[in-house]
Amino acid sequence: MLAEVSKNIFLYASQNKALNTAAKKWGLKFGASQVVAGMNIESAINQVQILNEKGLLCTLDHLGEFVSSREDAIEATEYNVKTLEAITKAGVNSNLSVKMTQLGLDIDRDFCVQNMYQILDTAKKYNNFVRIDMEDYSHCQITLDILNELRETYDNVGTVIQAYLFRAEQDVKKLKGIPLRLVKGAYKESSEVAYQEKEKVDENYIRIIEEHLLSGSYTAIATHDHHIISKVKEFVQKNEIKRDQFEFQMLYGFRTEMQISLVQEGYKTRVYIPFGDDWFGYFMRRLAERPQNISFALKGFFLRK
């Protein structure tokens, strides 16, 4: 019960605009520096280089969401373009992840799509891949609609499917052939659209992973759950699925030993690296996901990293 209460508090805080605005002035405090790779591109690229040297692949995410002005959306678009350019210039191995509400989705759909074109044109120029992060349920269908539109022109773009949504399995079937990151889900959704029990989320998660793998589609399994990872290992071996058809993904700052262990076992493993000053919403969702993360954050707060 206490864990559920704290989860709701953190999820509420993640969407509080006043707290988000204040957090930009605080800097990376309260343990956030352990899970956010700095405030600018340079610090993020530096972390990518360090992880690449350990055999880990990366994806960079310039934090920000729910933008309400065209100026901010244009600025975010330009920053994502600069990030792709910085990845190429540094010669590091990293993709890019973007949130479309940061690119103006809540302002104007076509405006957002044009911003996506600019980012994808740059990614294509540098032979890179862009992942559209899935946001809350209210943005799910429009995200998939835009993805399908973009896929008519670009093959270097994919998205994320969240296992706690009832619709997840059907979405995965419809997206056969498209590179997907499969996750459990990190937003607070109602019982009308999402499973509320961990066991049911886990069952659906395994189900959509197996569905996408068996369809021959490239699959990114994004989890820190060692039980899930073990099941995936058994499944791919049993079904003779080649290791170049999938990868494991984990968040920057979490379960680093397991990340290295997977690389040593010969599994492609990618680290999701968030950076930037709009870190508060992301950090609150990480605290909401697992009670263990709260003590993790408190440790960082007292260490004043």
Side-chain angles (χ1 to χ4, degrees), residues 1-15 35 65 97 99 131-141 143-144 147 158-176 178-215 217 219-236 246-251 253-255 258-259 262 269-270 272 274 281-294 296:
M1 179 65 73
L2 182 60
E4 187 62 27
V5 171
S6 65
K7 176 180 179 180
N8 290 336
I9 290 172
F10 286 122
L11 287 174
Y12 171 78
S14 73
Q15 296 182 322
V35 298
E65 53 197 298
S97 292
K99 285 184 172 62
R131 179 86 60 185
I132 300 172
D133 283 338
M134 187 59 73
E135 303 182 62
D136 62 353
Y137 182 76
S138 67
H139 293 93
C140 182
Q141 187 57 53
T143 297
L144 297 184
L147 172 69
T159 192
V160 180
I161 296 297
Q162 301 171 115
Y164 63 4
L165 296 181
F166 298 150
R167 61 177 292 169
E169 186 175 4
Q170 288 304 311
D171 285 338
V172 167
K173 289 179 179 178
K174 291 176 183 177
L175 296 168
K176 176 182 176 180
I178 296 177
L180 296 178
R181 175 196 294 146
L182 304 180
V183 303
K184 292 186 182 182
Y187 292 85
K188 181 173 176 57
E189 304 293 0
S190 78
S191 58
E192 294 181 0
V193 300
Y195 296 108
Q196 305 297 306
E197 302 85 3
K198 180 184 182 301
E199 294 76 13
K200 290 186 177 180
V201 174
D202 287 356
E203 288 173 6
N204 203 39
Y205 191 37
I206 288 293
R207 190 155 49 241
I208 64 174
I209 290 170
E210 293 178 352
E211 171 69 33
H212 208 51
L213 285 170
L214 288 175
S215 74
S217 308
T219 308
I221 301 109
T223 182
H224 303 119
D225 188 332
H226 60 278
H227 297 296
I228 298 289
I229 291 171
S230 294
K231 288 182 179 179
V232 171
K233 289 178 181 178
E234 293 172 6
F235 182 79
V236 296
F246 69 95
E247 64 185 52
F248 291 109
Q249 293 191 358
M250 296 188 189
L251 299 172
F254 292 95
R255 307 214 71 166
M258 185 183 290
Q259 295 171 15
L262 285 169
T269 307
R270 190 177 303 275
Y272 182 99
Y282 171 85
F283 186 48
M284 289 297 103
R285 287 196 295 276
R286 297 295 78 78
L287 296 185
E289 282 178 334
R290 300 168 71 240
Q292 299 95 313
N293 292 349
I294 300 173
F296 177 76

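- Of all the heavy atoms in D202 and K198, the pair that sits closest is OD2-NZ, 2.6 Å.
- The two residues H212 and K176 come nearest to each other via the heavy atoms CE1-CA, 4.4 Å.
- Separating the CE atom in M258 from the CD1 atom in I229 is a distance of 4.5 Å, to the nearest 0.5 Å.
- Atom CZ of R255 is separated from atom CG of D225 by 8.0 Å, given to the nearest 0.5 angstrom.
- For K231, the side-chain contact (heavy atoms from CB on, under 4.5 Å) partners two or more places apart in sequence, or in a different chain, are I206.
- The ring-ring contact (aromatic ring centres under 6.0 Å, His included) search around F248 returns F246, Y267, not counting sequence neighbours.
- Atom CG of L147 and atom CG of L180 lie 8.0 Å apart (nearest 0.5 Å).
- K233 pairs by the side-chain hydrogen bond (donor to acceptor under 3.5 Å, both in side chains) definition with E265, not counting sequence neighbours.
- Here the shortest heavy-atom pairing between L262 and M250 reads CD1-CE, 3.6 Å.
- V35 places none of its side-chain heavy atoms less than 4.5 Å from the side chain of L251.
- Rounding to the nearest 0.5 angstrom, the gap separating the NZ atom in K99 from the NE2 atom in H139 is 12.0 Å.
- Between V160 and M134 the shortest heavy-atom distance is O-CE, 3.3 Å.
- Across all their heavy atoms, R181 and S97 have their closest contact at NH2-OG, 3.0 Å.
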**Report entry** side-chain contact (heavy atoms from CB on, under 4.5 Å) assessment of F235 paired with I209
**Finding:** CA-CA 10 Å; F235 182 79; I209 290 170; 5.8 Å; no
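- The ring-ring contact (aromatic ring centres under 6.0 Å, His included) search around Y195 returns F166, not counting sequence neighbours.
- Residues that satisfy the salt bridge (charged side-chain N to carboxylate O under 4.0 Å, His left out) test with K173, not counting sequence neighbours, are E169.
- Taking all atoms of both residues into account, the shortest heavy-atom contact from R131 to A220 is NH2-CB, 4.0 Å.
- Remark: side-chain polar atoms of Q259 are paired, donor with acceptor, to backbone N or O of F254 under 3.5 angstrom.
- Taken to the nearest 0.5 Å, the OH atom of Y272 stands 3.5 Å off from the CG atom of D133.
- D171 meets the salt bridge (charged side-chain N to carboxylate O under 4.0 Å, His left out) test with R167; sequence neighbours excluded.
- Taking 4.5 Å as the limit, some side-chain heavy atom of L182 sits within range of a side-chain heavy atom of I161.
- At distances below 3.5 Å, at least one donor-acceptor pair connects side-chain atoms of Q196 with backbone N or O atoms of E189.
- Here the CG atom belonging to L175 is positioned 10.5 Å from the CD1 atom belonging to I208, to the nearest 0.5 angstrom.
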